[in-house]
> 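One structure coming up, written as structure tokens, with questions to follow.
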Amino acid sequence: MQNYNNKNLKENLNAGECNTRYEHRVIEKKWQQRWLKEQAQQKHSSEVEQSEQKPKRKKKYILEMFPYPSGNIHMGHVRNYTLGDVLARFYRANNFDVLHPMGWDAFGLPAENAALEHQEHPKTWTKNNIDAMRKQLQSMGLDIDWTREIATCNPKYYKHEQNMFLDLLEKGLAYRKKAWVNWDPSENSVLANEQVIDGKGWRSGAIVEKRKLAQWFFRITQFAPQLLAALDGLEKWPEKVKTMQRNWIGKSQGCLIRFNIKKQQSEKVETLPKTLEVFSTRPDTIFGATFCAMSPNHPLCEKLAETNEELAEYVKQANSKANAQNNAEDKEKSGVDSKIRLEHPLDKNTLLPLFVCDYVLMEYGTGAIFACPAHDQRDLDFARKYKLDVKPVVLPKGKDSTTFAITDTAWVGDGTMIHSKFLDGLTTEKAITRAIQKLQENGLGEKKTTWRLRDWGVSRQRYWGCPIPVIHCKKCGVVPAPRETLPIKLPQDVSFDKPGNPLERAKEWRKTKCPSCKSEAERDTDTFDTFVESSWYFLRFCDPRNEKQAIAKQAQRWLPVDQYIGGVEHAILHLLYARFFTRALVECGHLTEIVEPFEGLFTQGMVCHATYQDEKSKKFLFPHQVKHGRGAQKNTYTDKITGAKVIRGRSEKMSKSKKNIVDPKSVITNYGADTARMFMLSDSPPERDLEWSGDGIKGAAKFMHRLWRIAEDINKEKKTQGNKSKDGIQENDERTKILSPNELQRATHQAIRDITIDIEQLRFNRAIAKLRSLSNDIEDCQKTSIATSTEVQKQREVAFACLLRLFNPFIPHITEELWQKIDGENTLAETTWPSFDEEKASEQEVVLAVQINGKMRAAMRLPANCEQTIAEKKALQQDNVQRNLGEASIKKIIFVPNKIVNIIVEREKTSETAAKAS
RNA sequence: GCGGGCGUGGCGAAAUAGGCAGACGCGCCGGCUUUAGGUGCCGGUGAGGAAACUCGUGGGGGUUCGAGUCCCUCCGCCCGCACCA
């Protein structure tokens, strides 16, 4: 579709006076090949050698989240990697040592699914995809150090991961336990808490079941306090992401209370524990407790269920229901009496019934609570349903204790304590302290902080992942694989014809000897969650070929990552895991002192596009299948082939399922990488969503041609300069705006100043706007009565050279080509970023606004930094000011240098007085 | 419900530190070039008004000589979390 347009452009250029035309295909290929060749020639030496050879310069580690090798890049990738590339090229031009690598998050389920579908081995599938995607990324002209490329499925990579795991094991940071886990019936695997969204698997969308399995866990909870506290120090992280992590870690302070279990009924309670622990953030409301509740998965409940059929039945029901409904608020609370009675810790005469309730979560606190219906909405809902007592103990301000009652809304706010014995009269805050104190005195409780964060379950029952390096021995139990046997490689010869884990069927591979007793033993058939690989890949880039260790000490000079760029969707998963893993690696001695892996984080917006649906069938159509009406038919859309009516839906994130995708390959082929990059960076601020548009890409393409034309003009001027005819300089066409060489020089220096700051702050849209502005200025700079054509030509040349240098990080191919065309020395990549001259950038003349009582009445030209008296005098001379002042008396004049003169008058000539006058 | 963000022309957006709102672009309109134009170039483009001028940054109020920007309040949209005791 876009070919049509391109052909026209070329024809036109051919027909015009231009000697050459802009052919992105030729140019981009030329430069990309050259860059790769140069890179290959600089043989990659180890970090140890490098650090000895190279003089120490400032470093920048620029990293974009590495892609999953699906086989094709999408627009999100294009945006992500373009953003990083601008920074990498910018800092290189500013004489930083820049690390800008790329790798592949190569393990994961899609490879296995593909294997199932196409009988292709995951390894082959992944490798082919990587090759295809590498080519696509290279066609974008990214300044990436391909000599450092890594793929996480490479045994040379995961060998270190297995080694790290053994360290974690030794340090007690990895452990195995039987636990309730999230089971995705579609993926036939366990999911981490973080991978369950609204009760469904994050990828499969299948409703997740609860199962109890033996699993490997990473003790991320050990670092909860540090992970939380250190967020405050991450100044270059978006507030949003920090908030999400804070919520996820979920610190809450309260107290632990032990309730004595009473042998109430005739149940066999001898084997039961003596006490039940509950957690509460509101111990002040302890006298409002009318019952207690525990989770169906609570150990005590499980114990009781062994002999209590009603309970057993309820537990079964609750677990199957647990994730069936995803909207928590709509869930009807239910429960069943456990028949256990608990003694109130501060009132021996009160016995509280213990219920098993589905609204109490085993994952949080102790899995049991005391319920205070008057002051907790959930408890109240439950109490009303089962006709339990509601006893208010907190009196809101301004209410009367004799009349205050709870109906269907619990009072969860502060107040004064009532009906609470020794707490009576205290404020909520003081009552909390006092209650904890009293419980502590009685040995029935203590202050306690709980965390929402759970340990990270890393076992996955899948083939295409990193094998967990442990051996199961019937005699010795779980034994770590000896380090010298690493890597434990995945077996090649496995079958994918059945669902389930192929490793379990790989009998030969499983068979091994116990390292400890040498008897027959079996390998663990689980593999790691792929988030384990992505938790340290950024470290490996620093020293990607080191076989002895994951990262040498010298290589750590690159750390931390200075600017990390990716989507917000990883705000908690990957970014939290990586923060944990880095700390764990410091603990295990792999890292010396780096605690925070990502100094700066930037979360880019999504790439969006309108959706198109066939009016009748409601089937989605790709944008390239849709014909847009023109003129009067402007807002009508039809199917290009069938002519059927199409409805245009709202703009949404590009996704395969809605078909609102534009393939980067076709854009790069038809318009070129520079045009695609230009469009990506132009209009929307990088953190905001970007609306893809065909017109937008055409606009960017148009600009490429314009740049080309300016270069041609400048070259022509240069050549004709000798014969003194003014042919080289275009005659004044009907341009309204004409710049003098002096003004162009000023604009150039201002551009250097402003654009440098914009790039540092990732305000690329602003930078591009200013670059376009400078291009306009170069075109508007013309011979005038006060400037000779030589002066104009010289200044245009200087300005254009500067424009190319400033533009290079954004559109690297065309700028290099034009640089060569105008005889620039070296290549742009080897040319240092320009510096600006404050003197030359500063305005000599400024326009001041003149206001009367804050209303703009005139504008006047004055020399920069002129004095107040001069400005005031001139302001008062302005015709329009005179007219508006009339006979009004001036009260005072406010003067802001180079900005404004505001004349404050008693009363401006009002319409009233004006009316009177007439 | 809790937490975070956003609201500026027809559209994407600019606007140091409170000082000429709308830079830069898309679209649209006009002109020139063109056999032709979904090409290129030149010009115009917030609204109202003949003009002077008035009105305009989600609504209302406030601080100030002066508010898109600061404060209060309300409304709307987007995102995240959500039975967290």
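Computed over heavy atoms, backbone and side chain alike; hydrogens, waters and symmetry mates excluded. Here is how names work: the chains are called A, B, and so on, in the same order as the sequence lines, proteins then strands, and each is numbered from 1.
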> If the condition is ring-ring contact (aromatic ring centres under 6.0 Å, His included), which residues does F679(A) pass it with, not counting sequence neighbours?
W692(A)
> Could you work out, with side-chain hydrogen bond (donor to acceptor under 3.5 Å, both in side chains) as the rule, every residue matching T756(A), not counting sequence neighbours?
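Per chain and number, T756(A) pairs via side-chain hydrogen bond (donor to acceptor under 3.5 Å, both in side chains) with W833(A).
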> Mind calculating the distance between CZ (R763(A)) and P (G25(B)) to the nearest angstrom?
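Atom CZ in R763(A) sits about 19 Å away from atom P in G25(B).
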> State plainly whether the residues K448(A) and E277(A) are in salt-bridge range, i.e. N to O under 4.0 Å.
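A salt bridge is absent here (no side-chain N lies under 4.0 Å from a carboxylate O).
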> How many Å lie between CG on L380(A) and P on C83(B), as a whole number?
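One finds 18 Å between P of C83(B) and CG of L380(A), rounded.
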> Would you mind telling me which of U54(B), G40(B), A14(B) lies closest to the side-chain atoms of K702(A)?
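Closest nucleotide among those given: G40(B).
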> Under the side chain to side chain contact (heavy atoms under 4.5 Å, CB included) test, which residues partner I890(A), sequence neighbours left out?
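I890(A) satisfies side chain to side chain contact (heavy atoms under 4.5 Å, CB included) with L876(A), L885(A), I893(A), I903(A), V905(A) only.
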> Heavy atoms from C-beta onward define the side chain here; which of A85(B), C65(B), G19(B) lies closest to that of V896(A)?
G19(B)
> Rounded to whole Å, how long is the line connecting atom NZ of K627(A) with atom P of G38(B)?
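Those two atoms, NZ and P, are 12 Å apart.
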> For N898(A), which residues count as a side-chain hydrogen bond (donor to acceptor under 3.5 Å, both in side chains) partner, sequence neighbours excluded?
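Scan of N898(A) (side-chain hydrogen bond (donor to acceptor under 3.5 Å, both in side chains), adjacent residues dropped) gives N865(A).
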> Tell me the stems RNA chain B sits in, counting at least three consecutive Watson-Crick or G-U wobble pairs, each under 3.5 Å on both distances.
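The stems are B:1-7 with B:75-81, B:10-12 with B:24-26, B:27-32 with B:40-45, B:46-48 with B:53-55, B:58-62 with B:70-74.
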> Given the C1' atoms of C65(B) and G48(B), what is the spacing between them in whole Å?
28 Å
> Look at all strands and tell whether R246(A) reaches a base, only sugar-phosphate, or nothing, counting heavy atoms closer than 4.0 Å.
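No contact.
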> Using a strict threshold of under 4.0 Å (side-chain N to carboxylate O), is an ion pair present between E363(A) and R452(A)?
no
> Taking 4.0 angstrom as the limit, do K333(A) and D358(A) come out as a salt bridge?
no
> Atom CE of M678(A) and atom P of C26(B): how far apart are they, to the nearest Å?
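My rounded result for the distance is 10 Å.
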> Taking side-chain hydrogen bond (donor to acceptor under 3.5 Å, both in side chains) as the definition, give me every residue that meets it alongside N247(A), ordered by chain and number, with sequence neighbours left out.
none
> Go through C41(B), G12(B), A85(B) for me and flag the one nearest to the R706(A) side chain.
C41(B)
> Just call it for D376(A): base, sugar-phosphate, or nothing, with non-hydrogen atoms closer than 4.0 Å on any strand.
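Nothing: the residue D376(A), judged by heavy atoms under 4.0 Å, touches no strand.
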> At under 4.0 Å between heavy atoms, what does S682(A) touch on the DNA or RNA strands: base, sugar-phosphate, or nothing?
nothing
> Using the C1' atom as the point on both nucleotides, what is the distance between C11(B) and G60(B), in whole Å?
28 Å
> For nucleotides A47(B) and G62(B), find the distance between their C1' atoms and express it as a whole number of Å.
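One C1' to the other, the span is 27 Å.
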> Roughly how many Å apart are U69(B) and G18(B), using the P atom of each and rounding to a whole number?
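It comes out at 11 Å once rounded to the nearest Å.
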> Report, one pair per line, the protein and nucleotides 51-53 of chain B atoms (nitrogen or oxygen only) whose separation is under 3.5 Å.
residue	atom	partner	partner atom	Å
C53(B)	OP1	N880(A)	OD1	2.9
C53(B)	OP1	N880(A)	ND2	3.2

> Quote, to the nearest angstrom, the P distance that separates U57(B) from U8(B).
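Nearest-Å result for U57(B) against U8(B) at atom P: 11 Å.
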> Mind checking what makes salt bridge (Lys or Arg N to Asp or Glu O under 4.0 Å) contact with R79(A), not counting sequence neighbours?
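So R79(A) forms no salt bridge (Lys or Arg N to Asp or Glu O under 4.0 Å) with any residue.
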> Donor-acceptor pairs are to be reported for all side-chain atoms of residues 602-609 of chain A against protein atoms at under 3.5 Å, with residues two or more places apart or in another chain.
residue	atom	partner	partner atom	Å
Q604(A)	OE1	N80(A)	ND2	3.1
Q604(A)	NE2	G76(A)	O	3.3

> Expressed in angstrom and rounded to an integer, what is the separation of I852(A) atom CD1 from C65(B) atom C1'?
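About 13 Å, once rounded to whole Å.
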> Report yes if at least one side-chain N or O of T366(A) is closer than 4.0 Å to OP1 or OP2 of A85(B); otherwise report no.
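No, because none of the side-chain N or O atoms of T366(A) sits under 4.0 Å from OP1 or OP2 of A85(B).
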> Looking at the side chain of N247(A), which of G3(B), A13(B), A85(B) is the nearest nucleotide?
G3(B)
> Which of these nucleotides, C41(B), A85(B), G4(B), is closest to any side-chain atom of T243(A)?
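The listed nucleotide nearest to T243(A)'s side chain is G4(B).
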> So which protein N/O to nucleotides 20-24 of chain B N/O distances come out below 3.5 Å?
residue	atom	partner	partner atom	Å
C20(B)	N4	V847(A)	O	3.4

> Does atom CD of Q761(A) have more than 12 heavy-atom neighbours, drawn from other residues, nucleotides or ligands, at distances under 6.0 Å?
yes
> On a whole-Å scale, what distance lies between the P atoms belonging to A67(B) and A21(B)?
11 Å
> Please, which pairs that meet salt bridge (charged side-chain N to carboxylate O under 4.0 Å, His left out) have at least one residue in residues 243-254 of chain A, sequence neighbours excluded?
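Only D232(A)-R246(A), E239(A)-R246(A) qualify under salt bridge (charged side-chain N to carboxylate O under 4.0 Å, His left out).
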> Can you figure out which of U54(B), G80(B), A85(B) approaches the side chain of Y364(A) most closely?
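From the listed options, A85(B) comes nearest.
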> Between C71(B) and G25(B), how far apart are the P atoms? Round to whole Å, please.
34 Å
> Just by distance, no angles: are the side chains of S334(A) and Y314(A) close enough, under 3.5 Å, to form a donor-acceptor pair?
yes
> Measure CZ/R648(A) against C1'/C11(B) and give the value in whole Å, please.
11 Å
> Assign P238(A) to base, sugar-phosphate, or nothing according to its heavy-atom contacts below 4.0 angstrom with the strands shown.
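No contact at all - P238(A) keeps every heavy atom at 4.0 Å or more from the nucleic acid.
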> Determine the contact category for V278(A): base if any of its heavy atoms lies under 4.0 Å from a base atom, sugar-phosphate if only primed atoms, P, OP1 or OP2 are that close, otherwise nothing.
nothing
> Could you pull out all residues at least two apart from K447(A) that satisfy side-chain hydrogen bond (donor to acceptor under 3.5 Å, both in side chains)?
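With neighbours one apart ignored, the set is empty.
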> Measure the distance from CZ on F764(A) to C1' on G12(B) and round it to the nearest whole Å.
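In whole Å, G12(B) C1' and F764(A) CZ are 18 Å from each other.
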> Which comes earlier along RNA chain B counting from the 5' end, the contact point of I894(A) or that of P685(A), where each point is its nearest nucleotide?
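Its nucleotide being nearer the 5' end, the pick is P685(A).
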> Mapping D379(A) and S693(A) onto RNA chain B by nearest heavy atom, which one lands closer to the 5' end?
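Here S693(A) is the residue nearer the 5' end.
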> Taking atom P in both G38(B) and U45(B), what distance in whole Å separates the two?
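Between the two P atoms, the distance is 25 Å.
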> Other residues, nucleotides and ligands only: do more than 12 of their heavy atoms fall within 6.0 Å of NZ on K653(A)?
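It does not: K653(A) NZ has 12 such atoms or fewer within range.
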> With the 90 degree cut-off around zero defining syn, does G9(B) come out syn or anti?
syn
> Should the side chain of D695(A) and the base of C26(B) be counted as holding a donor-acceptor pair, with the cut-off at 3.5 Å?
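Side chain to base: no pair below 3.5 Å.
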> C83(B) base to K333(A) side chain: any donor-acceptor pair below 3.5 Å?
yes
> What is the distance from CD of E712(A) to P of C41(B), rounded to the nearest Å?
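My rounded result for the distance is 14 Å.
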